[in-house]
Amino acid sequence: MSYGFFQKKFLTFVSHALSRLDKIDMTVALLTETGVGKEVNRLRNHSELGQKAQRIVEKWRKLASEQSEALNAATNGNGSINERKRPLAEDVEELKPTHQISFADALKAAPAPKKVRCIVKEPEQPEAPKEQFIQKNFVPTLPSKVQDEQDPAMFGLRRGKPMRIYAGRKQAKTVKKVDTLYNLAMTVCMQNVDSFCYGPLPTVYSVFQPVLARCTPEQLDRIENNNRHIEEDSDPLWRTICLKAFPKAAKEKDEDESWKQCYKRLIGEREMRLKQISNKIKKENKTDQQLVTKMSDAITPANVRRRQINNGTVVHAYRVPHAIDVTKARREIYHNGAKSGLASIPAAMRMGAVGPSPSTSSRSSSSSAAAAASKKGALMQKAVKMMKSRQRR
Amino acid sequence: MADSSDENTAAESEYVKLISEDGHEFYIKREYAITSGTIRAMLSGPGQFTENENNEVHFREIPSHVLQKVCHYFMYKVRYTNSANEIPEFTIAPEVALELLMAANFLDC
């Protein structure tokens, strides 16, 4: 049953119903009781039935206004027309026996209509209530419910059920076209090739071929291990794989071997080369690590040393003392006096050999000044020699 | 049984019977079954086959869980072909996919 079919049925049914309604002698009582006027009015904007519906509604409106005018005339206009339209319990009860009784009689039976009715929202009615229905620029002053019906967007909504609003994107996956079962199953197989690797395949090669074309070489190998019969036919597949991985393989392939064997061989060769290169690199890295820097003490070069000995200005190249030793010496001197402390001064600092070292205390320098005087500095010795040589001349 | 076979031998009965390898019988409407080209040929063939006479087709290679999915596909196809609405996805479990592929290949659908 297609949607179009139902639409057609709906149309014929409704148009038939409309024709029936047309023929009925409508009264205000019937209209208010059944609310049929409202329902027909909802169809006013329908593409095919709109015209008919509008006609019928117009006719009823006229009728209703005429009848209520008659009513108003009878009761001196106490009740307003809109009140009559509402299916109020009291009115319905009284007017139930339909159009056979004249309205005047019915009115006599009914109680006097009260001025205050339950419709609170309704504003003051204009002076010409008759024209209110026929006017085209009728401003809806009725409650919003009626306004909904006149709104074309609301046509077709079922009353009582709230309109559903969804936020967010549509979750269900939709397709554009119905695909063949073969294609659908093929897609799913391709997505799940892995699961086929571990068991025997119940198929012939030809059926499965498109899926196999999309396998990785490892998967293809595994599938072939499980299904020997596929090997016979899979040569073209291996050819594509081989050429993709090794573009030059076309030349390297032997006559007797199949593409699969060719591929395996080339893979093996590649692995070998990789291993060799990585071994080389490892070796080179090792040698680099054996270089160690050594710190050596300051040694006077050979020629300078000779000159020093000749001149008598040998300078002792003592090792640079550790900071710890220096600190110990200073403490010694501070606590125990210069004499004992002097012994613990590292050799480099003693005698003031390389000039006054900044770490020696003033006391030690002054106490060793006398000692230093006897042992002259290099420059002093040279100067003395010069003087002597001058004096000799 | 004689009565039912008489009914079945009517030229264009509304329902056809598909029998799987393990004996499950699927009654589906003829218009759905002829989605498959193979079944259509079987049922409307030159008239010498038993399928044609009884309006039933025996599939000796297709297991029942696969044939069931095939019937679902027939309904899906007929329902959504030339439909203006959105077409939902036809889901296939991966376990069935392989056998379904073979069946679809055989049935040409």
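Note that this is a predicted model, so its numbers are computed, not measured. Every chain is numbered from 1 and lettered A, B, ... according to where its sequence line falls, protein lines coming before strand lines.
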**Study point:** Most contacts with chain A, counted as non-hydrogen pairs under 4.5 angstrom, among Ala97(B), Pro88(B), Pro94(B), Cys109(B)
**Key:**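 Among Ala97(B), Pro88(B), Pro94(B), Cys109(B), the one with the most close pairs to chain A is Cys109(B).
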**Study point:** Interchain contact, Ser195(A) with chain B, by part (heavy-atom threshold 4.5 Å)
**Key:**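 Looking at Ser195(A), nothing touches chain B.
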**Study point:** Contacting moiety of Asp179(A), where chain B heavy atoms sit under 4.5 Å
**Key:**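 Contact with chain B is through the backbone of Asp179(A) alone.
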Around atom [atom1] of [X], are there more than 12 heavy atoms from other residues, nucleotides or ligands closer than 6.0 Å?
{"X": "Glu61(B)", "atom1": "CD", "value": "yes"}
{"X": "His24(B)", "atom1": "NE2", "value": "no"}
{"X": "Lys59(A)", "atom1": "NZ", "value": "yes"}
{"X": "Asn82(B)", "atom1": "CG", "value": "no"}
{"X": "Arg265(A)", "atom1": "CZ", "value": "yes"}

Check your understanding: Just one of Val178(A), Leu181(A), Val175(A) clears the side chain to side chain contact (heavy atoms under 4.5 Å, CB included) bar with Phe90(B), so which one?
Key ->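 When side chain to side chain contact (heavy atoms under 4.5 Å, CB included) is applied between Phe90(B) and each of Val178(A), Leu181(A), Val175(A), only Leu181(A) qualifies.
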**Study point:** Lys176(A) versus Ile87(B), closest heavy-atom pair with distance
**Key:**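 Closest approach of Lys176(A) to Ile87(B), heavy atoms only: O-CD1, 3.3 Å.
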Exercise for review: Quick one: closest heavy-atom pair of Thr174(A) and Glu86(B), and the distance?
Suggested key: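 In terms of heavy atoms, the two residues are closest at CG2-CB, 3.7 Å.
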Review point. Got a second to check how far Met186(A)'s CE is from Leu98(B)'s CG, nearest 0.5 Å?
Key: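 The CG atom of Leu98(B) is 10.0 Å from CE of Met186(A), to the nearest 0.5 Å.
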Exercise for review: Using non-hydrogen atoms and a 4.5 Å limit, figure out which bit of Tyr73(B) sits close to chain A: side chain, backbone, both or neither.
Suggested key: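 Looking at Tyr73(B), just its side chain touches chain A.
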